[in-house]
Amino acid sequence: MRLCRFNSDRLGVVVGDEVVDVTATLDGEAPIRPWPIAPGDWLIANIDRLRPVLEAAANGGGERHKLTDVALLAPVANPTKIIGAPVNFYSHHAEASADKALNFGAEVKTIHDYGLFLKANTSLAGPSEGIELIMPERRHDHEGEMVVVIGRRCRSVSEAEALDYVAGYTMGIDMTARGTEDRSLRKSLDTYSMVGPYFVTADEIADPDKLDLKLWVNDELRQDSNTDKLIFSTRKLIAYASDFYTLYPGDIIMTGTPSGVGRVLAGDEVRLEIEGLGTLVTRGRVREGVGARDAA
Ligand code: MN
């Protein structure tokens, strides 16, 4: 099953190239107590229970739209955290080591040394929102990545059981402003965790560690690899992260990017495709007002 969030927080089941609006199925289902809410994404936490209702609604009379006609938002609305995997492909390690515009004179290590990082939840955005570029003198680079969505609360799970805690998958662009500041600044700008186009339940993906990944900017192929080249596999990332952080339903793990990272400018179309997960299309745009202040 494939789920998207679109327009003004509508819930859709994606069927072929169409979206069926199933928002009404949530009436009477969603919690009404506003505070304190349980940590995690309520929809993802309840996905197994809701699935038959959602699937029935998708085959029913819900309003249908072309997927390309709706404004897609991030398919997971309320993660407790967005976890990043720093330098998790050797091909990206090689290019970052060779390019001063990426390494700023510092030795580049891999995930073995860097561990993990967190991205602010306010950086989460969907394709229709575009990538908001500030600091125009900087390089702002795309990092196309496969994304894991956690389904159940867990701590210290083993690699062997890690996938049991996955609700499904999607993909994302871990946008990065190049510079010397900490990752938690440079990768956490608003819209810098671009996720979509929809969420795919885990049963549709036989092996997350064997998926082709391609990213284009304005039809120029920039990144072309496969998740079988991850340094820390999906299973290892989940197990490793769960040793440090309790993982909750809806938590997002961006699994790392291969070589080919490059600049996104205002007006550029960025297109990411990962096998079985669809196509994410978004655009760079200038954040009004901030560029002028930055230049002053
Ligand atoms: Mn990344």
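This structure is a prediction, so every number in the text was calculated from the model and none was measured. Atoms within each ligand, like the ligands themselves, are counted from 1 in listed order.
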Practice task
Go through the steps for E161 and R235 under the test salt bridge (Lys or Arg N to Asp or Glu O under 4.0 Å), then give the verdict.
Solution key: CA-CA 8 Å; E161 63 184 353; R235 293 162 177 84; over 6 Å; no

How is the N/O/S atom of [X] that comes nearest to the Mn ion (ligand 1) named?
| X | value |
| --- | --- |
| E145 | OE2 |
| E143 | OE1 |
| D174 | OD2 |

Handout entry: Distance, nearest 0.5 Å, that separates CZ of R138 from CG of L133
Key = 13.0 Å

Exercise for the section: State whether R186 and D182 are salt-bridged, where the test is any N-O pair (Lys NZ or Arg NE/NH1/NH2 against Asp/Glu carboxylate O) under 4.0 Å. Expected result: no

Exercise for the section: Answer with yes or no whether the side chains of H140 and R178 bring together a donor and an acceptor at under 3.5 Å. Expected result: no

